[in-house]
**Q** 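I'd like to ask some things about the structure below.
No experiment lies behind these values; they were computed from the predicted model shown.
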Amino acid sequence: MRVLLVDDEETFRERLARALRARGLEVWTASSVEEGLQVARSAAPDVALVDLRMPGPSGLELVKALRVESPQTRTFVLTGFGSIGTAVEAARLGIAGYLQKPIDAEAIVAAISSGQAPEAPEPEMPSLARVEWEHIQRVLSDCKGNVSAAAQQLGIDRRTLQRKLQKLPPRR
């Protein structure tokens with residue numbers, strides 16, 4: 001089985017690719033939506049594993065493009081930052097499954113073999129403090145660690161943001 005793995009996190013992508021190859025799958029990797037589309041055109045994968053959040057276009061853009069370019073490819077979305085809105089949008093685009101990171105190779109192989117994502121355990125409701133902390137971390141990451149730019153995007157004072165960043169992450 002030919003698998004396309006598209007994820008911007010190099011360590012995760014390469015370890016997962018190695019683990020999938022060890023289980024007998026042919027794996028091609030890409031680090032962006034554009035690169036993933038190029039690989040899909042040349043490799044004609046049976047399955048695509050697409051990270052949702054990447055710099056530049058979202059993984060959903062690749063899902064849309066794969067539907068047109070390679071309709072036989074079953075697509076699974078990988079994400080560590082799932083939301084109801086993105087899950088609904090991904091389902092509307094006809095994905096085969098929605099896989100939550102962190103995930104191991106065994107769970108992915110099982111999902112590929114069965115054609116659907118494994119049953120996810122009932123998610124815990126995070127506290128408001130935890131949701132705020134995760135949002136701040138995403139914005140800071142999008143701003144490439146620039147606290148002033150992140151504070152401006154969040155609409156708070158830079159010193160307030162610095163105080164929030166000094167605190168440990170709240171428990172779930």
Side-chain angles (χ1 to χ4, degrees), residues 1-127 130-131 133-135 137-139 141-142 169 171-172:
M1 185 174 296
R2 296 179 311 264
V3 177
L4 169 62
L5 174 58
V6 183
D7 196 305
D8 61 316
E9 296 175 41
E10 182 179 4
T11 304
F12 174 79
R13 182 181 68 239
E14 294 308 318
R15 281 188 177 178
L16 183 56
R18 198 170 334 129
L20 293 173
R21 286 182 187 117
R23 286 159 179 80
L25 302 173
E26 282 183 64
V27 181
W28 286 270
T29 62
S31 61
S32 68
V33 171
E34 297 83 12
E35 188 180 342
L37 194 53
Q38 288 175 349
V39 172
R41 286 177 181 144
S42 63
D46 301 309
V47 174
L49 302 169
V50 180
D51 184 26
L52 193 61
R53 271 182 64 86
M54 292 186 278
S58 147
L60 290 178
E61 296 302 317
L62 180 56
V63 172
K64 290 176 192 173
L66 285 174
R67 238 175 77 192
V68 173
E69 298 276 336
S70 183
Q72 80 284 357
T73 301
R74 289 182 305 141
T75 305
F76 291 84
V77 171
L78 293 169
T79 186
F81 300 103
S83 74
I84 293 171
T86 55
V88 169
E89 176 67 14
R92 190 181 66 72
L93 292 172
I95 63 165
Y98 198 81
L99 305 170
Q100 285 289 127
K101 287 181 183 178
I103 189 165
D104 63 4
E106 290 300 323
I108 290 176
V109 170
I112 290 171
S113 299
S114 70
Q116 57 188 359
E119 284 295 316
E122 189 65 33
E124 290 181 26
M125 184 61 75
S127 67
R130 180 67 184 199
V131 172
W133 184 84
E134 288 179 0
H135 178 67
Q137 295 302 317
R138 281 193 294 269
V139 171
S141 174
D142 290 346
R171 293 181 186 254
R172 292 201 178 260

**Q** Could you pull out the closest heavy-atom pair between Pro45 and Ser70, with the gap in Å?
**A** O-OG, 4.4 Å
**Q** With sequence neighbours left out, what residues match Arg21 under side chain to side chain contact (heavy atoms under 4.5 Å, CB included)?
**A** Ala17, Val27, Thr29
**Q** Looking at every non-hydrogen atom in both residues, tell me the closest pair between Ala105 and Ala19 and how far apart they are.
**A** CB-CB, 3.6 Å
**Q** CE/Met1 to CZ/Arg74 distance, rounded to the nearest 0.5 angstrom?
**A** 5.5 Å
**Q** Walk me through it: do Glu9 and Leu16 pass the test side chain to side chain contact (heavy atoms under 4.5 Å, CB included)?
**A** CA-CA 11 Å; Glu9 296 175 41; Leu16 183 56; over 6 Å; no
**Q** Search all heavy atoms of Gln72 against all heavy atoms of Ala44 and return the closest pair with its distance.
**A** NE2-CB, 4.3 Å
**Q** Please step through side chain to side chain contact (heavy atoms under 4.5 Å, CB included) for the pair Lys64 and Glu61, ending with a clear verdict.
**A** CA-CA 5 Å; Lys64 290 176 192 173; Glu61 296 302 317; 3.4 Å; yes
**Q** Is the CD atom of Glu10 crowded by more than 12 outside heavy atoms at less than 6.0 Å?
**A** no
**Q** Over all heavy atoms of both residues, which pair between Ala111 and Phe76 is shortest? Give the atoms and the distance, please.
**A** O-CZ, 3.5 Å
**Q** Considering all heavy atoms of both residues, which atom of Tyr98 and which atom of Leu52 are nearest to each other, and what is their separation?
**A** OH-CD2, 3.8 Å
**Q** Check for a donor-acceptor pair, side chain of Ser141 on one end and backbone N or O of Gln137 on the other, with a separation under 3.5 Å.
**A** no
**Q** With rounding to the nearest 0.5 angstrom, report the CG to CD1 distance, Leu78 to Ile108.
**A** 5.5 Å
**Q** Is Arg15 paired with Asp7 through a side-chain N to carboxylate O contact shorter than 4.0 Å?
**A** no
**Q** Report the C-alpha distance between Gln38 and Glu34 in whole Å, list the side-chain angles of each, state the deciding distance to 0.1 Å, and finish with yes or no for side chain to side chain contact (heavy atoms under 4.5 Å, CB included).
**A** CA-CA 6 Å; Gln38 288 175 349; Glu34 297 83 12; 5.6 Å; no
**Q** Using side-chain heavy atoms (C-beta onward) and a distance below 4.5 Å, is Leu20 in contact with Leu49?
**A** yes
**Q** Among all residues two or more places apart in sequence or in another chain, which pass the side-chain hydrogen bond (donor to acceptor under 3.5 Å, both in side chains) test with Glu14?
**A** none
**Q** Hey, could you give me the CE/CG distance between Met54 and Leu60, rounded to the nearest 0.5 Å?
**A** 9.0 Å
**Q** Is the shortest side-chain heavy-atom distance between Leu37 and Leu62 below 4.5 Å?
**A** yes
**Q** Supply the atom-to-atom distance Arg2 CZ to Leu4 CG, rounded to the nearest 0.5 angstrom.
**A** 11.5 Å
**Q** Do you know the tightest heavy-atom contact between Ala40 and Leu66?
**A** CB-CD2, 3.5 Å
**Q** Count the heavy atoms belonging to other residues, nucleotides or ligands that lie under 6.0 Å from CZ of Arg23, then report whether that count exceeds 12.
**A** yes
